[in-house]
Amino acid sequence: MEYEVVIGMEIHVEIDTKSKVFCGCKNEFHAPANSHVCPVCLGMPGALPVMNREMVNKSVAVGLALNCEISRWSKMDRKNYFYPDQSKNYQISQFDLPLCHDGSCEFEVNGEINKIGITRAHLEEDTARNDHTQGIGESGIDFNRCGVSLLEIVTEPDLRSAEQTYAFLNHLKQTLLYLGVSDCNMEEGSLRAEPNISVRPVGQKEFGIKSEVKNVASFSGVQKAIEYEFKRQVKALKKGETLIQETRGWDADQGITVPQRTKESAHDYRYFPEPDLIPIAVDEAWEQEIRESLPELPLARKHRTTEQYSLSDYDAGVLTASREMADYFEACVAAGAPAKLATNWITGDLQALISDAKADITNIKITPEQLAAMIGLIEDGTISGKIAKDILPDMFESGKEPKVIVEENGLVQISDLSELEGIIREILTQHPGPVEDFRSGKMQAKGFLVGQSMKATKGKANPKVVNQILDQLLNEE
Amino acid sequence: MSKITTEDVEYVAGLAQLILDDDSKERLVHEMGDILNYMDALNELDTEDIEPMMHVLDLANVYREDEVKKSLSKEDVFKNAPKSEGDYFLVPRILDNTES
């Protein structure tokens, strides 16, 4: 029997608010343990949480980007459980009235548009971090993360392969980065993705019994966990075993999932309304204000970039991978660079310099205008493409205008016919062998002579003119 | 006959991390059963045209601006902690994997 895998995702995103969701403590990852805590996030009796307005704004922005309906009336609830990742014995979350619900998201898989349903996106507080490296028999708790703004996005079980899931997660991350609502740093836990995975015979309508996989630290980990779970579940079913609904942990070292807890022993969270927080009522005007502030989103921008600049789907995809790179590209073109040349320089040499320097396109010294000016110098024949490749690292280091670097180093291309002819005549005299070879029909000998000419002029000779002169001289004598 | 069984009481006690003796369980079977009976009495009321109450306060949209305020001093943070070391609160070692 053929089986197919069915996947839904639960994604936790730490929303980039300056302060925590219910108190004024700073939201900062790199800080000494318990340095950003107060009576509210420590869960002291009598402390009063108050909702951060920016958390609502940014969460609505995510909801709108995911085509969700925004609740006109929404409230917070208490999710009750005992575990030392919070001290109140409940986490403030949302139960039956999430802020955003019933959305959908389009994303590309190998150039094809796929669509996934978004069940809901609800507000909650992040929990404290446990440190098990303390002494024997004890665990340490750091409450800096407790109370950090957290948005949980839940999708419909619409995904049908590990590859498709990987593409969706990347698209979602790209969207969140475009929105500027989270740094999506997975190493620091700003973005955490947990797949729900089940299998069923192809053609069967009913879903199989699902497992929820936790502790996955990367999107490729999610992909591997799905592949592993698919094999494990199919194997069990083929042996006639009955699957149980359970939570499993991903063991990245061994590449397997291991049981964590079964549904029977899972918590009964006994949600009830949080009396300390006031309901959230986002009316049409507020929603509209946020909708108007949304940036152009990744797929739309890619599509427009393809159309407006006559670029390939591939080029447009690379350029719009981040909003910052797309902005850089458009500024470069606005400064006069032909789109295709700007694309090649940005995604080629410039990107390589940025990667090597572990820099970011938002804070490099070369401005888009300078890059456009450099491309202009190639276009008008002032410098060769080869010289441009040489001066780019200099521009990257110093932030100097390309024209200044060219002048300072005497790199202006030699296109003067008589000057070049003199140099080339000398080269022909110095290398009678290759000249003979060429004349006896070995055309590749010309390449050597071009190389020598470029070398003699330190790359400044205009290669087109060198070729013209060589053709002329080799044929006339 | 109470609507609540001893097993129900034990289950709820377990969720609340309470250990009850037999007398307490017996007492709670009746008390919790009485509460449910009272709910049944309330359910007899006709609430057809009454909006459900979402919150005890008749308010909406009370927010704080996203501004960083001073956090507690290290001394104050650990003042009530039964046990701490360095920058951390200490609790008995967490053995199981029940993190939510």
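Here is the naming used below: chain letters follow the sequence lines, and residue numbers restart at 1 for every chain.
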Looking only at heavy atoms, what is the nearest atom pair of Ala60(B) and Trp73(A), with distance?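 Closest approach of Ala60(B) to Trp73(A), heavy atoms only: CB-CZ3, 3.8 Å.
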Considering all heavy atoms, the nearest Lys20(A)-Arg64(B) contact: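 Minimum heavy-atom contact is O-NH1, 3.0 Å.
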Do you know which of [options] has the most heavy-atom pairs with chain B at a distance under 4.5 angstrom?
options                       : value
Lys26(A), Met44(A), Arg270(A) : Arg270(A)
Ser35(A), Pro32(A), Pro39(A)  : Pro39(A)
Ile280(A), Val21(A), Leu97(A) : Ile280(A)

Would you say Asn34(A)'s side chain and Asp87(B)'s backbone share a donor-acceptor pair under 3.5 angstrom?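 Such a contact is found between Asn34(A) side chain and Asp87(B) backbone.
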Could you tell me whether a side-chain N or O of Asp66(B) sits under 3.5 Å from a main-chain N or O of Lys18(A), the two making a donor and an acceptor?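 Answer holds: yes.
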Heavy-atom distances under 4.5 Å only: say whether [X] touches chain A with side chain, backbone, both or neither.
X        : value
Asp76(B) : neither
Leu59(B) : both
Lys83(B) : side chain
Glu67(B) : backbone

Quick test of your reading: applying salt bridge (Lys or Arg N to Asp or Glu O under 4.0 Å), list the pairs with at least one residue in residues 41-51 of chain B, sequence neighbours left out, ordered by first then second residue.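 Every candidate salt bridge (Lys or Arg N to Asp or Glu O under 4.0 Å) pair involving residues 41-51 of chain B fails, so no pair, neighbours aside, qualifies.
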Distance in Å, Tyr88(B) OH paired with Asn130(A) CG, rounded so as to fall on 0.5 Å steps: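 Those atoms lie 10.0 Å apart.
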At what distance, to the nearest 0.5 angstrom, does CG of Leu277(A) lie from OH of Tyr63(B)?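 The OH atom of Tyr63(B) is 10.0 Å from CG of Leu277(A), to the nearest 0.5 Å.
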Please classify the contact between [X] and chain B as side chain, backbone, both or neither, with a heavy-atom cut-off of under 4.5 Å.
X        : result
Phe22(A) : backbone
Gln86(A) : neither
Cys23(A) : backbone

Above 12 or not: heavy atoms from other molecules or residues under 6.0 Å from [atom1] of [X]?
X        : atom1 : result
Asp58(B) : CG    : no
Lys75(A) : NZ    : yes
Ile19(B) : CD1   : no
Glu75(B) : CD    : no

If the threshold is 4.0 Å, N to carboxylate O, is there a salt bridge linking Glu65(B) and Arg53(A)?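 Here Glu65(B) pairs with Arg53(A) in a salt bridge, since their nearest N and O are under 4.0 Å apart.
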Using a heavy-atom distance cut-off of less than 4.5 Å, which residues of residues 21-28 of chain B contact chain A?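 None at all.
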I want to check something: taking the side chain as every heavy atom from C-beta on, are [X] and [Y] in contact at a cut-off of under 4.5 Å?
X         : Y        : value
Ser139(A) : Val91(B) : yes
Leu42(A)  : Leu72(B) : yes
Phe143(A) : Val77(B) : no

Evaluate side chain to side chain contact (heavy atoms under 4.5 Å, CB included) for Lys69(B) paired with Cys38(A), printing each intermediate quantity in order. CA-CA 10 Å; Lys69(B) 296 275 158 66; Cys38(A) 74; over 6 Å; no
